[in-house]
4 protein chains.
Amino acid sequence: MLRSPATMGSSAFALALALVLAACVTSAERKCLLSGSWRSDTGCRMVVSVLSKDGRFSGSYLPGPAAGNSEILTSPLEGSQQDARLVPHPTFSFIVHWQLRDSDTTRTTAFLGQCYTGTNGEETLHALWLLREAADSPTEDWKATRVGTSIFTRIK
Amino acid sequence: MLRSPATMGSSAFALALALVLAACVTSAERKCLLSGSWRSDTGCRMVVSVLSKDGRFSGSYLPGPAAGNSEILTSPLEGSQQDARLVPHPTFSFIVHWQLRDSDTTRTTAFLGQCYTGTNGEETLHALWLLREAADSPTEDWKATRVGTSIFTRIK
Amino acid sequence: MLRSPATMGSSAFALALALVLAACVTSAERKCLLSGSWRSDTGCRMVVSVLSKDGRFSGSYLPGPAAGNSEILTSPLEGSQQDARLVPHPTFSFIVHWQLRDSDTTRTTAFLGQCYTGTNGEETLHALWLLREAADSPTEDWKATRVGTSIFTRIK
Amino acid sequence: MLRSPATMGSSAFALALALVLAACVTSAERKCLLSGSWRSDTGCRMVVSVLSKDGRFSGSYLPGPAAGNSEILTSPLEGSQQDARLVPHPTFSFIVHWQLRDSDTTRTTAFLGQCYTGTNGEETLHALWLLREAADSPTEDWKATRVGTSIFTRIK
């Protein structure tokens, strides 16, 4: 296809503008998306996949040296982030099914939290969680659930 | 195809046996699977899909007359059941993203529980939940999360 | 002092009225005070002292047959009720320090709840609790706390 | 009373010894006792009285600049510390009855935690809490309770 010089200039400008916009969007999109690697305040690591269009993700939770959880193996997680890219502090939720060494106990943790970006641009995940260990019977159910918080910072 | 009477009898027996086994399996499988309709102790209803092979399900959470939650619209849920069909009291987890009337607040609930079958064969779901309402800023984060329990019984 | 019959009649009426009012007030006051004996939905019993003027009480938590908690001994509790006698559904809080058989582990439960009077006059205590078992070190702290609910009904 | 120089010397030595011992005991006793002033990770301050012989204390919870809780007034707290002076990381529990500006809503928080001494001698309080706001009726009870964590460091 033949173009006049004027058209070519206009195309080049449009391309440059698109690249600049893409860079801005990429930068903005990276803020407070769960995709990537995170370290918890108990020394565990978490790797989260790229988010799908509707905000879903999968990933892995890995034991850390500080956690003293040598019994935990790399465990799968699944969840989603709400209003990702639309709000400054999007909420998220994910479930981890724990893979345990030398144990067939069923343990599941539900994390519910929010991603905050600090004034320095650092992202922090604040989450509360419930951890359930399968009870043997209804009379044991009352003691099946633990509660706590986790704070995650991004590993660069 | 022609069959000898003996073969036919054997086939008929095999079919009958298969039906009996299927009935038993169906009966056993129905116990403490989340698939179906449930009513919570606060009067809400929950409809859960057939479980996938790996225990996943989707469904809806519906407001109930007793809940006094006229602000809540039918809301989607997703989750999974662990060791379904393999253990008598399987654990489960699911997330509800609340659809609210006249509000664009983001609210999410994570349920974590276990299904128990009573001596009368009645199934009951015992769950703890965390409910997070998006905080406007990190300094508001401390008050973002509610906690509670729900007990569900099957609607027949 | 001499009185005319009319005055005496008026006095007698006032006395009768006062007695009726006192009975009503007594009946109303008894509603949703924690003083007395309660049974939890897990089969434990709780005995609560008469409330002090500022709403404080002490008492005991006793293991029950249904609880399967033969390891628990009678354990002291202390707490207070807010706005007792002033509001229809007063809130309360109390702490139990568990006395355990064959164990010197420190376990404490904080109960936080509210007393509701049903249409039939039955009182019910709805409470959420946190149970902490002393962690050996900060790295074990994350798993020290359990959460759950208890519902108590009055033992008559 | 007259004393020989020897007796006087001995008395002076005994006094000096007593002072040294007192200093040691004081130093040891100060570790992970709740008595004193603390700052929470949300910027609130807490002042705790000297512990009684059986570990009880009272005190005040004060709003802080970072908390954005200008609605909170100085609020009384009461609680106790278990095994104070006997174990390295004693547990504690206390209840705060919130005094609110321009509000007669009843709000109560139960804190349940443990005191840890770091390798640098710094004391840190790790606590989970439940916060209940009085519900108007049983059908509102499900949403009455919030949950979270607080970390306190000593103000010197």
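Chain A is the first sequence line, chain B the second, and so forth, proteins listed ahead of strands; every chain is numbered from 1.
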Exercise for review: May I ask you to test the Val147(B)-Val147(A) pair for a side-chain heavy-atom distance under 4.5 Å?
Suggested key: no
Practice item. Find the distance between CG (Asp104(B)) and CG (Leu86(A)) and round it off to the nearest 0.5 Å. Key: 11.5 Å
Review point. Side chain, backbone, both or neither: which part of Leu130(B) has a non-hydrogen atom closer than 4.5 Å to chain A?
Key: both
Practice item. Go through the atoms of Asp83(B) and report whether side chain, backbone, both or neither lie under 4.5 Å from a heavy atom of chain A. Key: side chain
Review point. With only heavy atoms counted, which part of Arg56(B) is less than 4.5 Å from chain A, the side chain, the backbone, both or neither?
Key: side chain
Review point. Can any side-chain N or O of Gln114(A) pair as donor or acceptor with the backbone N or O of Ala135(B) at less than 3.5 Å?
Key: yes
Point to revise | Residue among Ser93(A), Pro90(A), Ala110(A), Ser80(A) with most heavy-atom pairs under 4.5 Å to chain B | key: Ser93(A)
Point to revise | Asp141(B) CG to Leu128(A) CG distance, which is reported to the nearest 0.5 Å | key: 8.0 Å
**Study point:** Region of Ile95(A) that comes under 4.5 Å of a non-hydrogen atom in chain B
**Key:** side chain
Practice item. State the CD-OG1 distance between Glu133(B) and Thr91(A), to the nearest 0.5 angstrom. Key: 10.5 Å
Review point. If you measure from OH on Tyr116(B) to CD on Glu140(A), what distance do you get to the nearest 0.5 Å?
Key: 8.5 Å
**Study point:** Thr149(B) portion near chain A, given a 4.5 angstrom heavy-atom threshold
**Key:** neither
Practice item. Might you work through the side-chain contact (heavy atoms from CB on, under 4.5 Å) test for Thr108(A) and Leu112(B), ending with a clear yes or no? Key: CA-CA 8 Å; Thr108(A) 308; Leu112(B) 196 55; 3.8 Å; yes
**Study point:** Among Ala144(B), Pro138(B), Pro88(B), Gly79(B), residue most engaged with chain A (heavy-atom pairs, under 4.5 Å)
**Key:** Pro138(B)
